[in-house]
Amino acid sequence: MSQPPNQRPIEQGITTDLKDRLSYAGYLQLPTLLSAQKPLTNPPQHDELLFIIQHQTSELWMKLVIHELSAAIEHLQRDDLDPCLKIFARVKHIQRQLTEQWSVLETLTPSDYLGFRHVLGPASGFQSAQYRMIEFLLGNKNADMVRVFAHDPDARAELERVLHAPSLYDEFLRHLARRGHAIPAECIERDWSLPHTSNPGLLPVFEAIYEGTDANWDAYHLCEQLVDIEVNFQLWRFRHMKTVERIIGYKRGTGGSSGVAFLKQALELTFFPELFEVRTQLGAR
Ligand code: HEM
Ligand SMILES: N[C@@H](CC(=O)c1ccccc1NC=O)C(=O)O
């Protein structure tokens, strides 16, 4: 059979009979995935699908970040650093993906959004259990956040579990202590449901690591990966805040907050305060 120009022939070996066999759509559960976009506007507003898909893809990447960070915590508990470095490299790429994705949603104008904002009711990203889980895993603990999930026992139980467990940073500090670094006792055993607050006793530890990089290469490398992850997280928050500002201005949020002002406050939070503070100390003496 002659092939029309500018068309690729299917090769002989290509499987075309997939009856009763594992197919692409079957493996990936595509009927489930692709039937989960249910715009509520009637008549349908063109841009509501963008809004739904932007959130769903974000939630999928967040699922992977949780999977990766949970594994990193387990590796740290076993003092196994090499897999952590691999995981952090992956997490950083996912974070970049998530941050870059704001540019797609930024094509939504205030007028487009007002066409369907009313259907959202009190729903808000503030109620994202996976986002809260990532914040808890990284150490931004806040028991009050769990109240939002009273209606969802599974999400609530998972968040409670992570709230009361050591965060990635807590486990890193415990690892450093096992390696002989003089980590203050209150960082090794404490009420893990509280956020880590800057501890001046950690500064000499990180000063020593950053001043003796050859002798502390693993720890030094890990510190820098954590800094990258915090910076990336802040970039996501910043892009969210600026996207919100250009789409709804200074309106209150559907979740009931003040909106942009509330989102700006999160930019003051820090997961790993001493890793930033140590930079001021370096070279001072
Ligand atoms: C038109 C687009 C968006 C607008 C206008 C918007 C607006 C807001 C506002 C006003 C808040 C504060 C809580 C409230 O009162 O509702 C918030 C929180 C939040 N949004 Fe969005 N958002 C948008 C898109 C997204 C997307 C695509 C995501 C991705 C999952 C997202 C995730 C979140 C999260 C995680 C929070 C909680 C942040 C925190 O606790 O600091 N938002 N959003
Ligand atoms: N908080 C947004 C609504 C919103 O963005 C939203 C609504 C339902 C599901 C996810 C959302 N995304 C992030 O907050 C607003 O105030 O317009």
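Please read all numbers here as calculations on a predicted model, not as lab measurements. One-based numbering, in listed order, for ligands and for the atoms of each.
At a heavy-atom cutoff of 4.0 Å, ligand 1 is contacted by the side chain of H240 but not by its backbone. Of all the heavy atoms of T243, none lies under 4.0 Å from any atom of ligand 1, so neither backbone nor side chain is involved. The part of M62 lying near ligand 1 is the side chain, judged by heavy-atom distances below 4.0 Å. With a 4.0 Å cut-off on non-hydrogen atoms, K251 does not touch ligand 2 at all. Proximity of F126 to ligand 1, defined as any heavy-atom pair under 4.0 Å, is shared by backbone and side chain alike. No part of F116 comes within 4.0 Å of ligand 1, judged by heavy-atom distances.
Using a 4.0 Å cut-off to heavy atoms of G255, the atoms of ligand 1 that qualify are 14 (C), 15 (O), 16 (O). Heavy-atom contacts of A123 reach the following atoms of ligand 2: 7 (C), 8 (C) (cutoff under 4.0 Å). In summary, the atoms of ligand 2 found under 4.0 Å from a heavy atom of G253, numbered by their order in the structure, are 16 (O). Here is the list of ligand 2 atoms found below 4.0 Å of a heavy atom in L120: 3 (C), 7 (C). Counting atoms of ligand 1 from 1 in the listed order, those under 4.0 Å from a heavy atom of V244 are 4 (C), 6 (C), 7 (C), 8 (C), 22 (N). Close approach of ligand 1 to Q54 is summarised as follows: ligand atoms under 4.0 Å from at least one heavy atom of the residue are 27 (C). With ligand atoms numbered from 1 in the order given, ligand 1 contributes 13 (C), 14 (C), 16 (O) to contacts under 4.0 Å with heavy atoms of S124. Under a 4.0 Å criterion applied to the non-hydrogen atoms of F51, ligand 1 contributes the atoms 1 (C), 2 (C).
Using a 4.0 Å cut-off between charged nitrogen and carboxylate oxygen, E106 and R239 count as a salt-bridge pair. The pair D79-R179 does not count as a salt bridge, with every side-chain nitrogen at least 4.0 angstrom from each carboxylate oxygen. R279 and E224 are joined by a salt bridge, as a carboxylate oxygen and a charged side-chain nitrogen come within less than 4.0 angstrom of each other. The residues E68 and K63 are annotated as not salt-bridged, no charged nitrogen and carboxylate oxygen being separated by less than 4.0 angstrom.
Residue-ligand proximity: R132 is placed with a non-hydrogen atom under 4.0 Å from ligand 1.
The shortest distance between side-chain heavy atoms of N216 and H181 falls below 4.5 Å.
Under the 4.5 Å side-chain heavy-atom criterion for Ile, Leu, Val, Met, Phe, Trp and Tyr, Y169 and M145 are members of the same hydrophobic cluster. In this structure, M133 is not a member of the same hydrophobic cluster as L194, with clusters built from ILVMFWY side-chain heavy atoms closer than 4.5 Å. Transitive grouping of hydrophobic side chains (ILVMFWY, heavy atoms separated by less than 4.5 Å) brings I229 and V231 into a common cluster. A chain of hydrophobic side-chain contacts below 4.5 Å, direct or via other Ile, Leu, Val, Met, Phe, Trp or Tyr residues, connects F88 to I94.
One side chain, H196 or E274, offers a donor N or O that lies under 3.5 Å from an acceptor on the other.
Taking atom 10 (C) of ligand 1 as the reference point, the nearest protein heavy-atom neighbour is G253 CA, 3.6 Å. For atom 10 (C) of ligand 2, the closest heavy atom belonging to the protein is H55 NE2, 3.3 Å. Closest to atom 17 (O) of ligand 2, if we only count protein heavy atoms, is Y113 OH, 2.5 Å. Scanning the protein for heavy atoms near atom 9 (C) of ligand 1, the closest one is L263 CD1, 4.1 Å. The closest protein non-hydrogen atom to atom 5 (O) of ligand 2 is F51 CZ, 3.6 Å. Scanning all protein heavy atoms for the shortest distance to atom 24 (C) of ligand 1 gives H55 NE2, 3.6 Å. The single protein non-hydrogen atom nearest to atom 14 (O) of ligand 2 is G125 N, 2.7 Å, given as residue, atom name and distance. The protein atom (non-hydrogen) at minimum distance from atom 12 (C) of ligand 1 is S257 OG, 3.3 Å.
Under the 30°/60° scheme for interplanar angles, the aromatic rings of Y131 and W236 are found to be tilted. The aromatic rings of F116 and Y113 sit perpendicular to each other, their planes meeting at more than 60°, with 30° as the lower class boundary.
Proximity annotation for atom 34 (C) of ligand 1: of G259, G256, A123, G125, G125 comes nearest, heavy atoms only. Selection from V244, L114, T254, I247 by nearest heavy atom to atom 16 (O) of ligand 2 gives T254.
By the 3.5 Å distance cut-off applied to N or O atoms, H240 is not counted among the residues near ligand 2. An N or O contact shorter than 3.5 Å is missing between Y113 and ligand 1 by distance.
In N6, the CG atom is not crowded: 12 or fewer heavy atoms of neighbouring residues, nucleotides or ligands sit closer than 6.0 Å. Atom CG of L22 is surrounded by more than 12 heavy atoms from other residues, nucleotides or ligands within 6.0 Å.
Both cation-pi conditions hold for R132 and F126: the charged atom is under 6.0 angstrom from the six-membered ring centre and inside a 45 degree cone around its axis.
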Take E48 and K38 through the test salt bridge (charged side-chain N to carboxylate O under 4.0 Å, His left out) and record every step on the way to the result. CA-CA 9 Å; E48 194 181 351; K38 301 249 163 46; over 6 Å; no
